[in-house]
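Here is the structure we will look at.
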There are 2 protein chains.
Amino acid sequence: MYEVFFQKFNEKVKLTPTEELHIQQYLTPKKLRKRQYLHQEGDICKHIALVEKGALRSYVVDENGQEHITAFALEGWTISDLSSFMHEQVSSQNIDALEDCELVLISRTSHEELLTTMPKYETYVRILVTDAYVALQKRMLGMISMSPENRYKSFIELYPNIVQRVAQHMIASFMGLSPETISRIRSRINNPKP
Amino acid sequence: MYEVFFQKFNEKVKLTPTEELHIQQYLTPKKLRKRQYLHQEGDICKHIALVEKGALRSYVVDENGQEHITAFALEGWTISDLSSFMHEQVSSQNIDALEDCELVLISRTSHEELLTTMPKYETYVRILVTDAYVALQKRMLGMISMSPENRYKSFIELYPNIVQRVAQHMIASFMGLSPETISRIRSRINNPKP
DNA sequence: AAATTCTCTTGATTCAAATCAATGAAAATA
DNA sequence: TATTTTCATTGATTTGAATCAAGAGAATTT
């Protein structure tokens with residue numbers, strides 16, 4: 001039920017069986033149907049979710065009604081609107097399921113309690129966020145320094161599983177490009193200048 | 001000597017005078033002349049630096065020899081190559097002083113020791129990184145969803161002090177735009193369509 | 001099974017930022 | 001102070017991604 005959660009946890013911070021059982025009390029499983037929302041803008045983000053199975057995305061809608069995908073999450077990934085979750089602020093993000101999902105949720109109060117009572121949990125969170133920050137820095141560097149084509153190439157290298165499972169126009173949205181541009185980049189990659 | 005450091009620390013996690021003294025033992029002050037490096041690519045990043053006074057930038061140089069500024073840091077900000085610092089990997093970042101600086105440095109061993117012996121320090125780091133992550137997410141959202149002009153506008157709103165103290169072409173580099181484009185955006189803002 | 005909606009591709013056109021280039025002003029250096 | 005280098009501005013041109021548009025194939029819904 002929480003296999004992936006504890007596998008990921010143990011990769012960062014080693015837990016004893018007793019500690020695992022203790023943490024389990026704070027976790028709640030949740031299933032999501034494809035297209036179902038985990039979280040909608042306007043709400044305060046109530047959970048951090050770890051994906052045991054399935055795929056989700058988070059996105060914002062701008063003033064012109066255009067969607068911009070800000071993140072994907074597959075098995076083993078964690079997804080949330082941290083800004084809203086941390087500061088109990090109204091969220092501008094939406095999170096929904098791209099496939100049927102099995103999640104493990106940590107509520108805000110559980111999170112707080114674990115942080116204050118269990119140093120290993122805080123360590124886990126610190127490492128998790130640090131890794132996410134480093135990954136985002138890399139992505140940002142690509143944004144300011146690479147061409148769309150090279151950015152797409154490194155994306156498919158880094159996340160081949162996302163490319164396989166997620167619609168192409170969503171990857172375009174995630175990269176800040178039009179769907180047509182991604183389509184043309186792909187055909188350029190397959191037919192290198194004839 | 002460590003005023004800004006402890007001011008920032010206490011904003012996130014309240015310390016007693018005794019605790020401050022304890023942490024102080026792990027800190028080392030450092031002055032940097034303008035143009036001096038704190039850290040160069042190829043090295044393993046040895047410190048986290050908090051800026052007591054002055055301004056720094058970090059940047060990478062791509063295969064074409066072009067510089068891309070990835071971050072600025074003014075008074076009260078923290079700067080480092082976290083990826084290199086955390087994993088003791090060779091860094092691709094350079095960090096240098098844009099003005100004469102006074103810094104507070106935390107070495108890797110000090111950082112480790114504080115993390116394991118002082119829960120409040122780990123809490124501070126967790127909050128610091130989380131805030132940085134949230135800020136970077138906002139910047140990323142701007143990158144994929146906003147026009148260069150609107151991105152520049154929100155930049156000067158968010159960081160007016162950077163705009164005042166840092167050369168324009170560096171802000172261009174930070175935003176992934178050419179210096180000419182920033183110049184033209186500025187003149188458009190000042191002479192709104194005649 | 002039929003109808004509808006979604007998804008990707010391809011072509012033509014538009015538009016905005018990059019590039020190339022030149023100039024004057026300001027700052028750094030000798 | 002004179003000289004050199006860096007910096008910001010402005011104009012002309014090029015380039016590449018966005019937009020507009022149409023059509024074919026898949027997937028969903030009815």
Side-chain angles (χ1 to χ4, degrees), chain A residues 33-36 55 57 59 62-69 72 96-100 142-156 162-194, chain B residues 32-36 55 57 59 61-69 72 96-100 142-156 162-194:
Chain A
R33 293 265 181 72
K34 184 174 177 171
R35 308 223 56 209
Q36 192 181 339
R57 63 167 177 168
Y59 66 95
D62 70 19
E63 58 275 12
N64 310 317
Q66 240 205 305
E67 283 180 14
H68 302 279
I69 295 180
F72 296 110
D96 65 7
L98 301 175
E99 307 170 0
D100 292 352
M143 280 308 274
I144 66 173
S145 69
M146 287 162 72
S147 68
E149 178 156 343
N150 287 331
R151 260 161 52 215
Y152 182 73
K153 280 179 182 165
S154 57
F155 182 82
I156 57 179
I162 293 183
V163 177
Q164 276 157 17
R165 283 164 71 176
V166 169
Q168 207 166 288
H169 70 273
M170 291 193 182
I171 292 168
S173 169
F174 178 77
M175 308 204 1
L177 298 171
S178 70
E180 293 94 331
T181 294
I182 293 287
S183 175
R184 282 186 250 262
I185 286 172
R186 273 170 49 96
S187 81
R188 243 182 286 152
I189 290 173
N190 296 327
N191 310 36
K193 49 159 58 179
Chain B
L32 240 52
R33 293 265 180 72
K34 183 173 178 172
R35 306 224 56 206
Q36 193 180 339
R57 63 167 178 168
Y59 67 95
V61 181
D62 69 20
E63 59 275 11
N64 310 317
Q66 239 205 306
E67 283 180 16
H68 301 280
I69 295 179
F72 295 110
D96 66 5
L98 301 175
E99 308 170 359
D100 292 352
M143 280 308 274
I144 65 172
S145 69
M146 287 162 71
S147 68
E149 177 155 345
N150 287 331
R151 261 160 52 214
Y152 182 73
K153 281 179 182 165
S154 56
F155 182 82
I156 58 179
I162 293 183
V163 177
Q164 276 157 16
R165 285 163 71 174
V166 169
Q168 206 167 290
H169 69 274
M170 291 192 183
I171 292 168
S173 170
F174 178 78
M175 306 204 3
L177 298 171
S178 71
E180 293 95 330
T181 295
I182 293 287
S183 175
R184 282 186 249 262
I185 286 172
R186 274 170 48 97
S187 82
R188 242 181 287 153
I189 290 173
N190 295 328
N191 310 37
K193 47 161 63 179

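Per chain, numbering begins at 1; letters A, B, ... match sequence-line order. Note that the structure is a prediction, hence the values are computed from the model and not measured.
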| Is it true that A:E67 and A:R57 make a salt bridge, defined as a side-chain N closer than 4.0 Å to a carboxylate O? | yes
| task | Taking only Lys NZ, Arg NE, NH1 and NH2, and the carboxylate oxygens of Asp or Glu, determine whether B:R184 and B:E149 approach each other closer than 4.0 Å. | result | no
| message | With a sphere of 6.0 Å drawn around CZ of A:R165, does it hold more than 12 non-hydrogen atoms of other residues, nucleotides or ligands? | response | yes
Would you kindly give the [atom1]-to-[atom2] distance between [X] and [N], to the nearest whole Å?
| X | N | atom1 | atom2 | value |
| --- | --- | --- | --- | --- |
| B:I171 | D:dT9 | CD1 | P | 11 Å |
| B:H169 | D:dT5 | NE2 | P | 16 Å |
| B:N190 | D:dT9 | CG | C1' | 12 Å |
| B:I69 | D:dC7 | CD1 | P | 10 Å |
| A:M175 | D:dG16 | CE | C1' | 15 Å |
| A:E149 | D:dT15 | CD | C1' | 14 Å |
| B:I182 | D:dT10 | CD1 | P | 15 Å |

| Checking all strands, does A:P148 fall into the base, sugar-phosphate, or nothing category for heavy-atom contacts under 4.0 angstrom? | sugar-phosphate
| A:I156 versus A:K153, closest heavy-atom pair with distance | CG1-O, 3.1 Å
| field | Closest heavy-atom pair and its distance - B:A97, B:L32 | value | CB-CD2, 4.0 Å
| message | Does B:M170 form a side chain to side chain contact (heavy atoms under 4.5 Å, CB included) with B:L98? I'd like the steps, not just the answer. | response | CA-CA 10 Å; B:M170 291 192 183; B:L98 301 175; 3.7 Å; yes
| note | By nearest-heavy-atom nucleotide on DNA chain D, the more 5' of B:E180 and A:R184 is B:E180
| query | Starting at the 5' end of DNA chain D, which residue's closest nucleotide do you reach first, B:S187 or B:M170? | reply | B:M170
| First contact, last contact: which nucleotides of DNA chain C are these for chain B, 5' to 3', heavy-atom distance under 4.0 Å? | C:dA17 to C:dA28
| side chain to side chain contact (heavy atoms under 4.5 Å, CB included) with B:S145: which of A:Q66, A:E63, A:H68? | A:H68
| request: Mark up nucleotides 25-30 of chain D, 5' to 3', with B wherever a protein heavy atom is under 4.0 angstrom from a base atom, S wherever such an atom reaches only the sugar-phosphate, and - elsewhere. | output: ---S--
| Would B:F174 and B:Y59 count as a close aromatic pair, with their ring centres under 6.0 Å? | no
| Mapping B:S147 and A:Q168 onto DNA chain C by nearest heavy atom, which one lands closer to the 5' end? | A:Q168
| query | Where do B:I189 and B:Y152 land on the side chain to side chain contact (heavy atoms under 4.5 Å, CB included) test, with the steps shown first? | reply | CA-CA 10 Å; B:I189 290 173; B:Y152 182 73; 4.0 Å; yes
